[in-house]
Amino acid sequence: MKVITRFAPSPTGYLHIGGVRTALFNWLFAKNNNGLFKLRIEDTDLKRSTQEAKEAIMNGLKWLDLNWDQEEIYQSKRIDRHKEIGNELLRLGYAYKCYCSPEELTEMREKAKKEKKAPRYNGKWREKDESEAPKDIKPVIRIKCPQTGSTNINDIVQGNISIKNNELDDFIIIRSDGTPTYMLSVVVDDFDMGVTHVIRGDDHFTNTFRQKHIYNALNWELPKYAHIPLIHGMDGGKLSKRHGALGVDSYDDMGYLKETMLNYLLRLGWSHGDKEIISKEEAIKLFNLDSIGKSSAKFDIERLTSLNAYYIENKKNEELVLTIKNYYANKKNINITNNDLSLILNGMNGLKTRARTINELAEMCSFYIEKAPITLDKKSKKVLNNENINTLKLYYNQLSKLEIWNKEEIEEDIKMYCQANNINLGKLAQPLRAAITGKSVSPGLYELMEVLGKNETLARITNINN
RNA sequence: GUCCCCUUCGUCUAUCGGUUAGGACACCAGGUUUUCAUCCUGGAAAGAGGAGUUCGAUUCUCCUAGGGGAUACCA
């Protein structure tokens with residue numbers, strides 16, 4: 001049987017880290033089994049669903065290349081089908097109409113609470129006759145759940161778990177306005193879509209026991225379930241804005257690579273021995289549901305950042321240059337000239353080992369793009385104290401006389417100067433770097449001076465001296 | 001309140017009864033380097049607590065504590 005998985009987000013907000021990981025696991029499992037990965041937008045809550053959220057979800061998935069098979073399915077377009085099944089359940093005698101008012105139900109819950117019992121529907125209309133129905137209340141349809149015994153779910157991640165049926169109540173499948181509830185819709189949609197494996201967040205686990213009774217009543221085969229633990233913030237609580245509660249697109253904004261996101265999220269809850277760096281291709285081969293852990297994980301942006309540094313360092317220079325070009329064009333409205341781009345490409349090996357995000361990398365390139373006088377960052381200003389400026393001034397006289405301008409000559413010149421004046425190389429090199437790049441961190445100094453050219457290099461030093 | 005789940009270094013995790021409890025990130029120290037970063041070497045750092053089962057428990061069982069989730073005419 002062909003494996004079919006699905007990602008079923010409700011478009012009520014951005015696509016956050018947890019959602020992406022769920023999508024990733026579904027996608028990987030489908031690919032690993034040569035199956036299908038489908039997308040279903042659960043937009044039946046018309047009040048909370050928004051067009052922006054739908055787009056955010058799809059754009060997020062597209063960014064990470066988690067492409068779904070076939071057309072996405074909108075749950076809202078399938079309401080008639082859900083109603084049909086709801087009514088069939090009614091006909092079959094597995095469901096019944098309930099005429100309780102909302103007030104009555106609230107009262108019921110509060111009473112249960114006072115008695116320290118689980119607040120649930122008491123089954124008032126389960127056996128009552130239609131003729132007793134009040135005229136002024138539109139009924140809801142509730143499913144008849146077994147009241148004794150227990151229900152068991154054999155979850156791939158959570159294991160074999162059962163709860164007593166008296167914990168469950170006869171939940172609503174069709175609202176008084178005739179619309180289906182989520183509990184019914186998921187079951188019908190998963191069935192109609194041929195979903196074989198439901199991989200979703202742990203927060204849906206207890207729903208599974210309810211949904212199972214719908215499957216049973218309809219005599220439908222239950223899919224396999226894998227409930228994955230939730231992701232928490234660093235404080236152990238809910239994901240906070242600082243830690244993962246942002247939309248995935250903001251990680252793109254912050255300069256995180258998609259391969260970083262995928263690799264990081266994969267390792268959050270899933271592992272393969274000591275393996276940390278896992279490409280998408282490898283992940284497809286290795287992924288399995290059995291290696292998903294049972295405990296929740298915390299979102300640690302430090303780890304994400306360090307992984308990102310790894311992926312930046314291992315990316316092709318040409319690709320990074322292109323990314324930087326786009327960064328300047330989109331975020332700063334600056335078109336980098338081809339000449340400057342080739343300078344950046346030339347210096348990329350020295351640059352990319354020093355950046356942890358694309359944004360850092362791009363900012364690091366600024367001295368290639370700027371022309372004298374360049375702006376100095378905080379650290380370089382600190383380097384350029386009076387003493388160091390004086391050192392520069394003295395050396396400038398010698399440097400300006402250098403005739404052959406290439407890195408070998410420059411290195412030779414600088415080293416000779418230091419030797420002759422009995423100063424450490426760093427004593428001269430660091431102020432030079434600060435003056436020439438406006439930064440305390442940069443690729444190799446000699447090479448950099450060569451590519452910048454004599455005039456530009458000297459101009460930048462002159463600007464400091466003044 | 002009730003039900004369900006979880007608990008190994010600060011963080012992500014390995015371990016499927018016998019290990020000096022391993023790796024990675026972060027941290028600290030040293031080395032390489034013109035600075036910073038990279039890189040290399042080393043270090044500190046963990047089985048929530050308590051009972052059992054067993055020759056032997058991180059691993060199996062129970063209790064307690066802590067955390068999370070679910071308890072909607074939301075999804």
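Lettering follows sequence order; numbering is per chain, from 1.
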Protein-nucleotide distance ([X], atom [atom1]; [N], atom [atom2]), rounded to Å:
{"X": "A:I173", "N": "B:rA72", "atom1": "CD1", "atom2": "C1'", "result": "16 Å"}
{"X": "A:Y256", "N": "B:rC25", "atom1": "OH", "atom2": "P", "result": "16 Å"}
{"X": "A:N166", "N": "B:rC3", "atom1": "CG", "atom2": "P", "result": "10 Å"}
{"X": "A:D155", "N": "B:rG69", "atom1": "CG", "atom2": "P", "result": "18 Å"}
{"X": "A:I231", "N": "B:rU13", "atom1": "CD1", "atom2": "P", "result": "9 Å"}

With both distances under 3.5 Å as the test, what is the Watson-Crick or G-U wobble partner of [N]?
{"N": "B:rG66", "value": "B:rC6"}
{"N": "B:rU19", "value": "none"}
{"N": "B:rC60", "value": "B:rG52"}
{"N": "B:rA29", "value": "B:rU41"}

Any base atoms under 4.0 Å from [X], or only sugar-phosphate, or nothing? Heavy atoms, all strands.
{"X": "A:H204", "result": "base"}
{"X": "A:N424", "result": "nothing"}
{"X": "A:S440", "result": "base"}
{"X": "A:C98", "result": "nothing"}
{"X": "A:R120", "result": "nothing"}
{"X": "A:P102", "result": "base"}
{"X": "A:S10", "result": "sugar-phosphate"}
{"X": "A:E302", "result": "sugar-phosphate"}
{"X": "A:T44", "result": "sugar-phosphate"}
{"X": "A:G444", "result": "base"}
{"X": "A:Q75", "result": "sugar-phosphate"}
{"X": "A:L445", "result": "base"}

### Query
Do the rings of A:F287 and A:F25 sit parallel, tilted or perpendicular, given the 30° and 60° boundaries?
tilted
Among the nucleotides [options], which one has an atom lying closest to any side-chain atom of [X]?
{"X": "A:N207", "options": "B:rG22, B:rG68, B:rA75", "value": "B:rA75"}
{"X": "A:R142", "options": "B:rA70, B:rC73, B:rG10", "value": "B:rC73"}
{"X": "A:S271", "options": "B:rC3, B:rU11, B:rU13", "value": "B:rU13"}
{"X": "A:H232", "options": "B:rA75, B:rC73, B:rG68", "value": "B:rG68"}
{"X": "A:R48", "options": "B:rU38, B:rA75, B:rA70", "value": "B:rA75"}
{"X": "A:R267", "options": "B:rG23, B:rC73, B:rU35", "value": "B:rG23"}
{"X": "A:M234", "options": "B:rG23, B:rG68, B:rU11", "value": "B:rU11"}
{"X": "A:S306", "options": "B:rA75, B:rU35, B:rA26", "value": "B:rA26"}
{"X": "A:A297", "options": "B:rA14, B:rA75, B:rC12", "value": "B:rC12"}
{"X": "A:E167", "options": "B:rC3, B:rC12, B:rA75", "value": "B:rC3"}

Work out how far the [atom1] atom of [N] is from that of [M], and round it to whole angstrom.
{"N": "B:rA21", "M": "B:rA65", "atom1": "P", "value": "31 Å"}
{"N": "B:rU41", "M": "B:rA26", "atom1": "P", "value": "15 Å"}
{"N": "B:rG1", "M": "B:rU15", "atom1": "P", "value": "36 Å"}

So does [X] pair up with [Y], basic N to acidic O under 4.0 Å?
{"X": "A:E84", "Y": "A:R81", "result": "yes"}
{"X": "A:D192", "Y": "A:R78", "result": "yes"}
{"X": "A:E411", "Y": "A:K415", "result": "yes"}
{"X": "A:E313", "Y": "A:R354", "result": "no"}
{"X": "A:D169", "Y": "A:R210", "result": "yes"}

### Query
5'-most contact on RNA chain B: A:A429 or A:K164, nearest heavy atom basis?
A:K164
### Message
Let me spell it out: for each of A:R210 and A:K298, pick the nucleotide of RNA chain B with the closest heavy atom. Which residue's pick is nearer the 5' end?
### Response
A:K298
### Summary
The residue among A:K224, A:R40, A:K38 that forms salt bridge (Lys or Arg N to Asp or Glu O under 4.0 Å) with A:D190 is A:R40
### Task
Look at A:R109 and B:rA72 and indicate whether a side-chain polar atom (N or O) is within less than 4.0 Å of OP1 or OP2.
yes
### Query
Within the pair A:S176 and B:rC73, is there a side-chain N or O less than 4.0 Å away from OP1 or OP2?
no
### Message
Which heavy atom of A:L266 sits nearest to which heavy atom of A:A283, and what is that distance?
### Response
CD2-CB, 3.7 Å
Base of [N] paired with side chain of [X] (donor-acceptor, under 3.5 Å):
{"X": "A:R303", "N": "B:rA24", "answer": "yes"}
{"X": "A:T206", "N": "B:rC3", "answer": "no"}
{"X": "A:D274", "N": "B:rG22", "answer": "yes"}

### Query
So which of A:E42, A:H204, A:H82 actually passes side chain to side chain donor-acceptor pair (under 3.5 Å) with A:Y182?
A:H204
